[in-house]
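Computed from heavy atoms alone, side chains included, the values below leave out hydrogens, waters and symmetry copies. Keep in mind that this is a model prediction, so the values were computed, not measured. As the structure lists them, so they are numbered: ligands from 1, and atoms in each ligand from 1.
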Amino acid sequence: MQMCFDGRLGFPCSFVGAQGSSLDGMNRELHRERGNVVAAFRMEHSDYRSSHLVDGQCVVAHFYAKRLTQEQLQAVEARAPQAKDHWLEVLGLVRVLLYILRDGVGDLPTFIGTAWEQLLEAARHGPMETKMRTSV
Ligand code: MG
């Protein structure tokens with residue numbers, strides 16, 4: 001996933017017109033947001049997973065997914081900062097946990113909740129004061 005310019009986690013995406021191809025749009029955005037490294041593994045029709053209507057908007061989101069080797073994933077992560085839209089539309093890549101622990105400690109929802117609270121604390125009091133508070 002990626003940290004988007006609006007502070008949300010998301011995937012490469014873009015708008016295509018009613019006559020446009022979601023697959024062409026997906027490959028165009030992958031190139032803009034990940035760079036030339038994705039030329040080795042273009043999305044194909046077989047990578048299509050689902051579509052859904054975005055709440056409150058006249059937008060249908062089409063979702064594609066592709067399995068990469070560990071080496072391909074590492075190459076994408078290493079070279080993504082050189083992509084055209086990196087630092088504009090994309091602020092960074094994020095590996096997210098795809099599981100929820102039974103005890104609710106250490107999984108993604110817990111991590112995001114804690115990070116959000118820490119960010120708010122730093123915004124209210126500044127990073128130095130927050131650091132001192134957490135060390136007590
Ligand atoms: Mg985009």
Exercise for the section: Determine, for E44 against K66, whether the closest basic-nitrogen to carboxylate-oxygen distance falls under 4.0 angstrom. Expected result: no
Problem - Ring centres under 6.0 angstrom apart (F11, F63) - result: yes
Problem - R34 versus Q2, side-chain donor and acceptor atoms under 3.5 Å - result: yes
Handout entry: Donor + acceptor pair across side chains of S22, Y48 (<3.5 Å)
Key = no
Exercise for the section: Tell me, please, if E29 has any N/O/S atom, main chain or side chain, under 2.8 Å from the Mg ion (ligand 1)? Expected result: yes
Fill in the blank from the handout: The atom of E89 among N, O or S that is nearest the Mg ion (ligand 1) is OE2
Practice task
Please note down the angle at the Mg ion (ligand 1) between OE2 of E33 and O of C13, to the nearest 10°.
Solution key: 110°
